Amino acid sequence: MYYDCIIIGGGASALMLAARLDVRNMPGGGLIIEKTGKCGTKLLMSGGGRCNITHGGSIKDFVSCYGNSGPRLRKCLYRHSNMGLASWLEENGISLADEKGNPVYSWDLEDAGRVFPSSHKASDILNLFLEKAESNGWEIRKDTEVHSIHRRDDGWEIRVSPAAEITSRNVIVASGGITFPETGSDGSVFRILEDLEVSVTPPRSALAPVYPEDYPYEELSGITLEDVTVTVFQPGESRADSTAGRQTKDSGQQTASPAPGGHGKMAARMTGDLLFTHRGFSGPVILNISRYAEPGGTLSVSYGKAIENLPKRMQKVLESRSKGPSVDIRTSVLAGLLISDDFIISSVDDNGMVTAGGISLDEIDTSTMQLKRFPGLYAIGEAIDADGITGGYNLQMCWSTASAVADTLIHKQV
Ligand SMILES: Cc1cc2nc3c(=O)[nH]c(=O)nc-3n(C[C@H](O)[C@H](O)[C@H](O)COP(=O)(O)OP(=O)(O)OC[C@H]3O[C@@H](n4cnc5c(N)ncnc54)[C@H](O)[C@@H]3O)c2cc1C
């Protein structure tokens with residue numbers, strides 16, 4: 001079996017590519033190989049089943065939403081923007097809406113915020129992609145897992161189970177990341193690529209709750225504080241130093257300002273809403289900053305304006321943590337906690353909404369998404385070393401990278 005294009009994975013980015021690329025006129029045609037029995041499982045989970053497909057505003061503002069990877073994706077995002085995605089969806093019968101259900105139009109995305117299909121059903125988006133993939137001539141082989149990829153003179157040889165060898169002129173890696181492995185995205189393709197000596201940044205969970213050591217706020221579970229500033233520091237000097245800083249705070253022997261030198265370099269600072277859970281911190285500001293959180297590092301919360309309106313339950317917990325031999329010391333410890341409530345990071349939840357890390361952008365020409373050292377091999381979506389904040393930026397990145405490949409392969413045919 002010799003194909004013109006094989007896509008590894010049948011998730012959002014694979015289906016976006018298949019929806020954009022007509023393979024009917026290619027002699028070998030196109031094949032999507034999906035490990036599980038279903039395509040687009042994560043797409044169906046997106047936005048709590050409502051599918052926050054992209055975000056409003058200027059595409060220029062998207063660049064800063066993908067950490068250090070953003071500037072490297074600039075060209076790709078500009079060429080295949082949120083407006084491009086929205087107008088393609090409209091042309092194909094999907095009307096759009098904002099979070100509250102107000103209509104949103106591709107030509108007026110400025111203040112749209114999070115953008116959804118107006119039905120608020122991810123299944124409408126999935127069905128459209130599947131229909132377009134079929135009408136574009138793509139074959140989909142489910143329950144088939146890719147085990148290895150080898151270079152040949154005229155393309156690529158792929159071994160799959162159930163046992164078969166398939167060859168293709170072009171191979172597009174769209175195998176996602178490592179979180180929610182039950183959806184099929186288990187990172188197995190990263191190991192296959194490492195065998196080929198493709199550089200892969202170690203993948204880790206992101207857009208995830210962060211769990212600190214000695215979490216004192218279990219009883220506040222379910223409470224959200226608005227506009228809280230969170231700073232994440234890398235693991236720094238010895239952990240004992242950081243812990244000592246906190247212990248002296250608790251015992252009231254010092255003012256509660258952060259222990260100097262108790263943590264490493266600042267990794268990121270963000271402001272937004274914070275949610276207390278049973279085990280740790282969540283909410284948009286935590287999800288967005290989680291990609292920088294490392295076990296042993298420090299997470300510092302500054303409650304900012306939220307201080308003016310702290311829930312009674314929280315005031316009680318803070319008071320109980322502000323121990324000291326005199327009122328002055330207790331007041332000073334409390335003031336310190338409100339400005340900088342420091343925690344050693346124990347872990348980041350394994351099941352983040354996305355994966356940080358993946359196929360190194362150093363390997364990829366981001367205008368075509370082709371791997372520079374491996375002609376005919378491409379990578380798109382969450383499999384690449386780029387991840388966005390919450391708000392539709394991750395599906396937009398799937399669209400932009402998939403469209404870059406579609407344009408390249410259309411051009412290659414000519
Ligand atoms: C709960 C949740 C909510 C989310 N909400 C949003 C949202 O509202 N907006 C947003 O922008 N993003 C959201 N995301 C992120 C977004 O869904 C993902 O970034 C996106 O689905 C990634 O698409 P992908 O095609 O790159 O990877 P995936 O969707 O993970 O697809 C990869 C596919 O590859 C297959 N595969 C893996 N290995 C192999 C192999 N060896 N052989 C064959 N097939 C293989 C897998 O089975 C899988 O089907 C959310 C994610 C989650 C988990």
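Every number for a ligand or one of its atoms is a count from 1 in the order of the listing. Bear in mind the structure is a predicted one, so any value in this text is a computation, not a measurement. Throughout, residue positions are numbered sequentially from 1 according to the sequence presented.
Between Glu131 and Asn92 there is no side-chain heavy-atom pair separated by less than 4.5 Å. Taking the side chain as every heavy atom from C-beta outward, Met397 and Leu73 approach each other to under 4.5 Å. Side chains of Arg151 and Pro375 form a contact here, defined as non-hydrogen atoms less than 4.5 Å apart.
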Are Leu225 and Met314 close enough, and set up right, to give a side-chain contact (heavy atoms from CB on, under 4.5 Å), and what steps lead you there?
CA-CA 10 Å; Leu225 297 182; Met314 177 153 186; 3.8 Å; yes
Set out, in order, the CA-CA distance, both residues' side-chain angles and the distance that settles salt bridge (charged side-chain N to carboxylate O under 4.0 Å, His left out) for Arg321 and Glu319, then state yes or no.
CA-CA 5 Å; Arg321 293 179 64 210; Glu319 276 160 25; over 6 Å; no
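The protein residues lying under 4.0 angstrom from ligand 1, judged by non-hydrogen atoms, are Gly9, Gly10, Gly11, Ala12, Ser13, Ile33, Glu34, Lys35, Thr36, Lys42, Met45, Ser46, Gly47, Asn52, Thr144, Glu145, Val146, Ala174, Ser175, Gly176, Phe180, Thr183, Gly184, Ser185, Ser188, Val189, Met353, Val354, Gly381, Glu382, Gly392, Tyr393, Asn394, Leu395, Cys398.
Note on residues 99-111: pairs passing side-chain hydrogen bond (donor to acceptor under 3.5 Å, both in side chains), not counting sequence neighbours, are Arg50-Glu99, Glu90-Ser106, Asp98-Asn102.
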